Amino acid sequence: MKRRHFIKNAALSGAGLAIGNSLIGCNDKPSEEKKTESTMMTTINNSPIAICTWAFTGANAKAGEELSKGVKALDAAISGVEVEEENLKNTTVGKGGAPDREGNVTLDACVMDSDGDCGSVLCVENITNVAALAKLVMTETPHVILAAEGAEEFAYAQGFKKDNLLTEDSKKAWQEWLKSPEYKPLINIENHDTIGMLCMDKDGDIAGACTTSGLSYKMKGRVGDSPIIGSGLFIDNEIGGAVATGMGEEVLKTVGSFLIVELMRNGMSPQKACEEAVNRITSKNDRYKDFQIAYIAMNKAGETGSYCIHKGFTYMKYQDGKNENVHSDYFDKA
Ligand code: SD4
């Protein structure tokens, strides 16, 4: 019992390394004991929580409702992000996503479960629900990542339907872009972007999903942070989870989501950990004025936080039947 309170305190109060180290030790324990500990944490967090990047109201509500019905964290997160994968108006996720500079829509996604298992797909064409596909890579293959044609063939073998992801609107926008092609990813594109979602279910278990069409008019074959475990998404069910959106190259260089979870392990709140992860980027890269990065995070005590480089990023939070849009604090106040 005492030990569980220590874990809560470490997450909540910024307790130091000694407690952080004892948390690291938790990962070595046999799974039966881990389960008990996780169940005990539930007594602290008995209300499920869903958070996701941007103002994806419907997606987050869907995940929250699923969690309230007792659906486990990973499946709730996948149902949530599917809302945006199927939203043809969203040009940054799933079907309707902007293509690469050759006109191919290629999707990236990953999932991570509360037992530390994960799956990922990179650069997939013709499949809409790539987060669900990433889960099947996790559960149905001996691998963690499948890429391109291999991932697509696996999808068909699993019963996914072939879909044309390039909508007329995205095609027109791309053809317009081709007239004076300049690769210049926008900051806060239409106030939506990659959807990354973290869920805590009724058992207090945390899992997440991240899915995107990547940066508009990227080079053929380009893969960003979103499907890379540790960069776009990371979960440690003993500690919490984090997910990223924005310029994937910069998140990859700092392994941002893993960094946030490790900072929380060592006692930082989700808010402070997100701030530190953004500071790692801005302190090393004076081009930060030209790109956006945003992180959201949740710890085992159900606290959440968010931080980004530029004003304008918001995230959704569902708890106790309320689905709210939260404005993130930001670095560049100049
Ligand atoms: C990527 N992080 O592919 C994703 C896309 C995104 O702002 O979030 N764009 O780099």
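Given the structure is predicted, the values throughout are model-derived calculations rather than measurements. Count residues from 1 along the sequence. Counting starts at 1 for both ligands and their atoms, following the listed order.
- Close approach of ligand 1 to Asp193 (heavy-atom distance below 4.0 Å) involves ligand atoms 6 (C), 7 (O), 8 (O), 9 (N).
- Here atom 4 (C) of ligand 1 lies nearest to Ser226 when heavy atoms of Gly224, Gly97, Ser226 are compared.
- Of the polar atoms of Gly248, at least one N or O is found under 3.5 Å from an N or O of ligand 1, judged by distance alone.
- Of all atoms in ligand 1, listed by their number and element, those nearer than 4.0 Å to a heavy atom of Leu215 are 3 (O), 7 (O), 9 (N), 10 (O).
- With no hydrogens or angles considered, no side-chain donor-acceptor pair links Asp108 and Thr212 at under 3.5 Å.
- Residue-ligand proximity, Gly214 to ligand 1, at heavy-atom distances under 4.0 Å covers atoms 3 (O).
- Aromatic ring pairs are classed by plane angle as parallel below 30°, tilted from 30° to 60° and perpendicular above 60°; the pair Tyr217 and Trp177 is parallel.
- Atoms of ligand 1 lying under 4.0 Å from any heavy atom of Asp225, numbered from 1 in the order shown and given with element: 1 (C), 2 (N), 4 (C), 10 (O).
- Seen from the ring of Tyr330, Lys333 counts as a face-on cation partner, given the 6.0 Å and 45° thresholds.
- Atoms of ligand 1 found under 4.0 Å from any heavy atom of Thr212, numbered from 1 in the order shown, are 5 (C).
- Between Glu125 and Thr106, the side chains place no donor N or O within less than 3.5 Å of an acceptor N or O (distance only, hydrogens not considered).
- Between Phe331 and Tyr288, the gap from one ring centroid to the other is short of 6.0 Å.
- Judged by distance alone, the side chains of Thr314 and Trp54 never bring a donor and an acceptor atom under 3.5 Å apart.
- Taking distance alone, with nitrogen or oxygen atoms compared against 3.5 Å, Thr194 approaches ligand 1 more closely than that limit.
- Between Thr92 and Asp193, the side chains place no donor N or O within less than 3.5 Å of an acceptor N or O (distance only, hydrogens not considered).
- Of the listed residues (Gln292, Met247, Arg222, Glu250), the one carrying the non-hydrogen atom nearest atom 10 (O) of ligand 1 is Arg222.
- Heavy atoms from both the backbone and the side chain of Thr245 come within less than 4.0 Å of ligand 1.
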